[in-house]
Amino acid sequence: MQILDGKLVSQAVKDQLATQVASLKAQGKKIPHLAAILVGNNGASETYVASKVKSCAEIGYNSTLLRFEDTIPEKHLLDHIAMLNENPDIDGILVQLPLPKHINEELVINTIDPSKDVDGFHPMNVGKMVSGLPAFIPATPYGIMLILEHYNIETRGKHAVVIGRSHIVGTPVSILLSRNTNPGNCTVTLCHSHTKNLAELCRQADIVVAAIGRPNFVTADMVKEGAVVIDVGINRMEDASKKSGFRLVGDVDYAAVAPRCSYITPVPGGVGPMTIAALLKNTYLAATGQRGHQN
Ligand code: NAD
């Protein structure tokens with residue numbers, strides 16, 4: 001069994017981007033600038049945004065963090081996004097989800113200029129991704145593809161079972177794995193809360209992607225010997241021995257499943273760091289006038 005080390009691969013992506021930014025700087029060209037919007041003070045969102053902003057600084061990007069109270073009127077937030085759309089110094093815009101209930105997430109996403117939509121959630125980018133055109137690919141699915149690519153994992157002709165069909169993870173992963181690309185060319189089964197024979201389908205999988213949001217959902221009896229397992233889940237479990245009072249666990253019962261796998265991503269240290277690397281890659285593409293990832 002080999003661990004797919006998201007920290008290591010993410011660092012490699014960041015090192016490459018840092019070199020590219022240094023070269024832009026040396027040529028007197030514009031440095032990528034990411035604007036992040038955080039509404040309210042959800043603990044997990046705070047952590048995610050902080051590490052995105054920190055990663056920008058590490059590789060020489062500029063970043064701006066806009067923080068708003070969770071009572072911000074929807075119109076006010078949309079106006080701020082419109083200003084960022086118009087600001088030529090801003091290359092990428094990300095709005096940390098989830099948003100408070102009174103704000104329509106779809107409207108917020110649709111307001112972001114697709115050419116600055118580095119989270120890849122705008123319908124324009126989703127449509128382009130589905131059509132195989134250059135597009136900003138959502139960061140987590142993009143990060144998964146980058147880690148598969150880094151470890152040269154053969155995906156062609158494999159049966160991939162993706163558990164979870166969110167727009168952020170499961171659905172785009174299923175599309176990317178089934179496209180005629182490398183990584184890609186899988187036969188994909190997309191499972192969700194209405195899937196009847198989930199354990200049986202999982203047992204047939206060469207590649208399992210777990211994006212459910214339930215700790216230890218995928219157990220050893222659901223995984224075929226030699227399978228590749230990508231654990232997207234980030235679940236906070238109470239743990240009095242930790243200073244924070246919690247520890248992070250994935251959607252996969254790692255201790256029991258790992259010995260059966262050919263490759264597996266740990267939590268933390270797997271898909272999480274890759275998500276940030278992919279976001280930074282998207283921001284670089286936006287800053288250099290490219291309309292996203294090309295196949
Ligand atoms: P979501 O709640 O939007 O979607 C969960 C999906 O799981 C749904 O499609 C649902 O149908 C499916 N599901 C729920 N119960 C099920 C069941 N019993 N059987 C089969 N399917 C079931 O969640 P999401 O935003 O896709 O996130 C999933 C997990 O990934 C969460 O733990 C989240 O924190 C994590 N996540 C991690 C990263 C990262 O960077 N590593 C990024 C995004 C999300």
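Whatever order the structure lists them in is the order used to number ligands and atoms, beginning at 1. All residue numbers in this chain count up from 1 along the given sequence.
When only non-hydrogen protein atoms are considered, atom 40 (O) of ligand 1 lies nearest to T275 OG1, 2.8 Å. Shortest contact from atom 37 (C) of ligand 1 to any protein heavy atom: V232 O, 3.0 Å. The single protein non-hydrogen atom nearest to atom 20 (C) of ligand 1 is H192 O, 3.1 Å, given as residue, atom name and distance. Protein heavy atom closest to atom 19 (N) of ligand 1, with residue, atom name and distance, is F217 CZ, 3.5 Å. Nearest non-hydrogen protein atom to atom 14 (C) of ligand 1 is I212 CG2, 3.6 Å. Among protein heavy atoms, atom 1 (P) of ligand 1 sits closest to S166 CB, 4.1 Å. Nearest non-hydrogen protein atom to atom 10 (C) of ligand 1 is S193 N, 4.2 Å. Residue, atom and distance of the protein heavy atom nearest to atom 31 (C) of ligand 1 are G213 CA, 3.5 Å.
At least one heavy atom of A211 sits less than 4.0 Å from an atom of ligand 1. Note on ligand 1: Y48 sits outside its first shell, no heavy atom being nearer than 4.0 Å. Contact analysis leaves H167 out of contact with ligand 1, as no non-hydrogen atom separation drops below 4.0 angstrom.
Every pair passing salt bridge (charged side-chain N to carboxylate O under 4.0 Å, His left out) that includes a residue from residues 248-263 is listed here, sequence neighbours excluded: E225-R260.
Within the 3.5 Å criterion, the main-chain N or O of V169 finds no donor-acceptor partner in the side chain of T140.
With a 6.0 Å radius and a threshold of 12 heavy atoms from other residues, nucleotides or ligands, K14 has its NZ atom above the threshold.
Salt-bridge annotation for D239 and R247: present, with a side-chain N of the basic residue lying under 4.0 Å from a carboxylate O of the acidic one. Taking a cutoff of 4.0 Å between a charged side-chain nitrogen and a carboxylate oxygen, K224 and D206 qualify as a salt bridge.
Residue T140 holds the heavy atom nearest to atom 42 (C) of ligand 1 of all those in T140, I163, V162, V173. When the heavy-atom distances from atom 7 (O) of ligand 1 to G164, G270, G272, A139 are ranked, the shortest goes to G164.
Inclusion of R165 in the set of residues having an N or O under 3.5 Å from an N or O of ligand 1 is warranted. In terms of N/O distances under 3.5 Å, ligand 1 is approached by I234.
Side-chain contact, E69 with T71: no donor N or O sits under 3.5 Å from an acceptor N or O. No donor-acceptor contact under 3.5 angstrom links the side chains of H33 and D91, judged on distance only.
When heavy-atom distances to ligand 1 are checked against a 4.0 Å cut-off, T195 has no atom that comes that close, whether in backbone or side chain. No part of H194 comes within 4.0 Å of ligand 1, judged by heavy-atom distances.
Heavy-atom proximity to N235, at under 4.0 Å, picks out these atoms of ligand 1: 32 (O).
The ring of H293 has its center closer than 6.0 angstrom to the ring center of Y142. Proximity of the aromatic rings of H80 and F68 is defined here by a centroid distance below 6.0 angstrom, and this criterion is met.
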